[in-house]
Student: 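Let me begin by handing over the structure; questions about it come next.
Just so it is clear, the values below take in all heavy atoms, side chains as well, and ignore hydrogens, waters and symmetry mates. Quick note on labels: first sequence line is chain A, next is B, and so on, each numbered from 1.
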2 protein chains.
Amino acid sequence: MGMKNKPYLTHSTAPERHCSVSTLSKVEGLTPKQEKVLNFIRKRIGERLPPTIREIAGELGFKSTGTVRDYLKALQQKGLVRRMNNKSRALELTERASCNKIPIIGTIMAGKPNLAYEEIQGYVDVDNLFLGRLGFDDVFALRIKGDSMIDAGILDGDVAIIKKQPYAENNDIVAALLNDNEVTLKRLARKGNKYHLEAANPNYPPIFEEFKIIGKLMTVIRKY
Amino acid sequence: MGMKNKPYLTHSTAPERHCSVSTLSKVEGLTPKQEKVLNFIRKRIGERLPPTIREIAGELGFKSTGTVRDYLKALQQKGLVRRMNNKSRALELTERASCNKIPIIGTIMAGKPNLAYEEIQGYVDVDNLFLGRLGFDDVFALRIKGDSMIDAGILDGDVAIIKKQPYAENNDIVAALLNDNEVTLKRLARKGNKYHLEAANPNYPPIFEEFKIIGKLMTVIRKY
DNA sequence: TGACAAACCACACATTTGTGTGGTATATCT
DNA sequence: AGATATACCACACAAATGTGTGGTTTGTCA
């Protein structure tokens, strides 16, 4: 009955990930109804608990589970949804249907009132962007202080996502622990067969003192 | 049986969110076994499909569902997990147990074998970092081509997250549409009471031709 | 007209899944 | 010694859930 938009888990801390990609119906050849089903699935996956077939039926007002299965079959055929047999809630969005992604635009057509994406080169996956295939265990973040890496495009205040590892290769940008227990982000450089640290800023001298590599720079994020 | 670490959904595009915060057991008063259960739940929620009780039992090697229920009860009492009755897979992590955040480290103590976070300045919330309070519909991404913004620390290949808006303020970095339908990222500048676009690179001249602002730079992301 | 897809429904059945009861063993604390 | 918590197990039952079969209606396209 009228439970529209009620979060499934009462105390959910999950972000609202529901996103109706308004152009998807045309792009992907979805009917409006199919898009509604897909959007509900999106929403619930965003809330961290995919729906059961009967929950979809309830939300969309269908009286038969068979109806939902027809929709799921259609969405599967169109490559937007994947399922596992005989597993409850085993619904997954494909790359194309995922709503955790922000389109990367190449060219944009200026339609009169709105914009139309002309060329979508790909998608930024919000979840994977930092981590790639890493787990949360494997990384930490540093907030950059100072301008010692400015020539590498790493500015004061940027957040650096560091993959924990006690080694790195020549020329990698690494988070290193100095003797005073300070962490610094520098480029790993080799002179002969000894490694040292170099800033990306001519005003800073290379560091030849003892250091310990604690991780390797994976991602830089800057907010404006 | 030995299905350790096998992704649950074969073609899963979901990130591996499994994160055993190694200090959690002490902080939260968890036993090692309880932490293992929690970490498996974390992992599977990260893969977008919370586990059933029997799946937990299978993973951890328990032969009885009752065992798992004992663990869930303990985790619930310790405020790390929430559940719904009679709903399959209805497992949710609380704020404290959630693993969507990456700690931002200030100083780091070098313990003998491992590192200990000395000063956690805050957390990077993976879900909200790009968007803040924006929805997925309000943004798009541009992949930076060229070095015209290099002095602003925006390099070739970086991904720029743009908030859609047809206006901006002086000195904002904006995504602008030029006459040839090309999108470009430049700094909005004012001369008298006319706006034009400026690169952040002395090799590029300012752009005085007609343009249309399509959005404002919110975030820059660079992967290594 | 016929073929086809979309969009529904009913209902039975099998499997999955959560729940409940009642155990055993071990260690710790009082 | 008794109370308590952890750490398991077996088994039965009920509820939730996925599956399968077989329909009806409507519109579109050839």
Student: Specify the residue among B:Q77 and B:N86 whose closest nucleotide of DNA chain D lies further upstream toward the 5′ end.
Tutor: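 In this pair, the answer is B:Q77.
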Student: How about B:L142 and B:T184: do any of their side-chain heavy atoms sit closer than 4.5 Å?
Tutor: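 With C-beta onward as the side chain, the pair stays apart.
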Student: Using modelled atom types and a 3.5 Å cut-off, is there a donor and acceptor pairing between side-chain atoms of A:T94 and backbone atoms of A:G79?
Tutor: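 Yes; judged by distance alone, with no hydrogens or angles, the pair exists.
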Student: With a 4.0 Å heavy-atom cut-off, tell me which residues in residues 62-71 of chain B come close to DNA chain D, sorted by residue number.
Tutor: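 Those residues are B:F62, B:K63, B:S64, B:T65, B:T67, B:D70, B:Y71.
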Student: For A:N171, does its backbone N or O pair with a side-chain atom of A:R187 as donor and acceptor, under 3.5 Å?
Tutor: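 Judged by distance alone, yes, a pair lies under 3.5 Å.
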Student: Figure out the CG/P separation between B:L30 and D:dA5, and round it to whole Å.
Tutor: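 From B:L30 CG to D:dA5 P: 16 Å.
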Student: Is there a side-chain contact (heavy atoms from CB on, under 4.5 Å) between B:L91 and B:V81 once you walk through the steps?
Tutor: CA-CA 7 Å; B:L91 270 172; B:V81 163; 3.5 Å; yes
Student: Enter the inter-axis angle for the ends of the helix from C:dT1-D:dA30 to C:dT30-D:dA1 (five pairs per end, rounded to 10°).
Tutor: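 Computed from the C1' atoms at both ends, the axes differ by 30°.
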Student: Roughly, in whole Å, what's the span from CD in A:E55 to P in C:dT16?
Tutor: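 Distance, rounded to whole Å: 19 Å.
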Student: Between A:K87 and C:dT17, does any side-chain N or O lie under 4.0 Å from OP1 or OP2?
Tutor: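 Yes, because at least one side-chain N or O of A:K87 sits under 4.0 Å from OP1 or OP2 of C:dT17.
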Student: Taking only residues two or more places apart in sequence, or in another chain, which ones meet A:F62 in a ring-ring contact (aromatic ring centres under 6.0 Å, His included)?
Tutor: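 Once residues adjacent in sequence are excluded, the partners of A:F62 under the ring-ring contact (aromatic ring centres under 6.0 Å, His included) criterion are A:Y71.
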Student: Can you tell me the distance, in whole Å, between the NZ atom of B:K36 and the P atom of D:dA7?
Tutor: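 After rounding, the gap between these two atoms is 11 Å.
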Student: Could you state the atom-to-atom distance from CG of A:L72 to C1' of C:dA6 in whole Å?
Tutor: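 Checked: the CG to C1' distance equals 15 Å.
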Student: Roughly, in whole Å, what's the span from CD in B:E59 to P in C:dT17?
Tutor: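 So the CD-P distance, B:E59 to C:dT17, works out to 15 Å.
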Student: Once you round it to whole Å, what is the distance between P of D:dA5 and CD of B:Q76?
Tutor: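 B:Q76 atom CD is separated from D:dA5 atom P by 17 Å.
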Student: Given 3.5 Å as the limit, does a donor-acceptor pair link the side chain of B:E47 with the main chain of B:L49, or not?
Tutor: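 Side chain of B:E47 to backbone of B:L49: no pair is present.
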Student: Apply side-chain contact (heavy atoms from CB on, under 4.5 Å) to the pair B:L217 and B:I154, showing each step before the final yes or no.
Tutor: CA-CA 11 Å; B:L217 176 64; B:I154 302 172; 3.9 Å; yes
Student: Side chain of A:R83, heavy atoms from C-beta onward: which of D:dG18, C:dA6, C:dT17 has the nearest atom to it?
Tutor: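 Shortest atom-to-atom distance from the side chain points to D:dG18.
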Student: Are any side-chain N or O atoms of B:R89 and backbone N or O atoms of A:S88, one a donor and one an acceptor, separated by less than 3.5 Å?
Tutor: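 Yes, the answer is positive, given that a donor and an acceptor are paired below the 3.5 Å cut-off.
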Student: Does the side chain of B:R69 come within less than 4.5 Å of B:I53's, by heavy atoms?
Tutor: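 Yes, their side chains come closer than 4.5 Å.
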Student: So, is B:S88 near the phosphate of D:dT17, with a side-chain N or O under 4.0 Å from OP1 or OP2?
Tutor: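 Result: yes.
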Student: Between D:dT6 atom P and B:L75 atom CG, what is the distance in whole Å?
Tutor: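 Distance check: B:L75 CG to D:dT6 P gives 11 Å.
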Student: Here's a test of your reading of the structure: between A:R54 and A:K33, which maps to the more 5' nucleotide of DNA chain C?
Tutor: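 Counting from the 5' end, the first nearest nucleotide belongs to A:K33.
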Student: Can you check the A:E35 CD to C:dA6 P distance for me, whole Å?
Tutor: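 About 15 Å, once rounded to whole Å.
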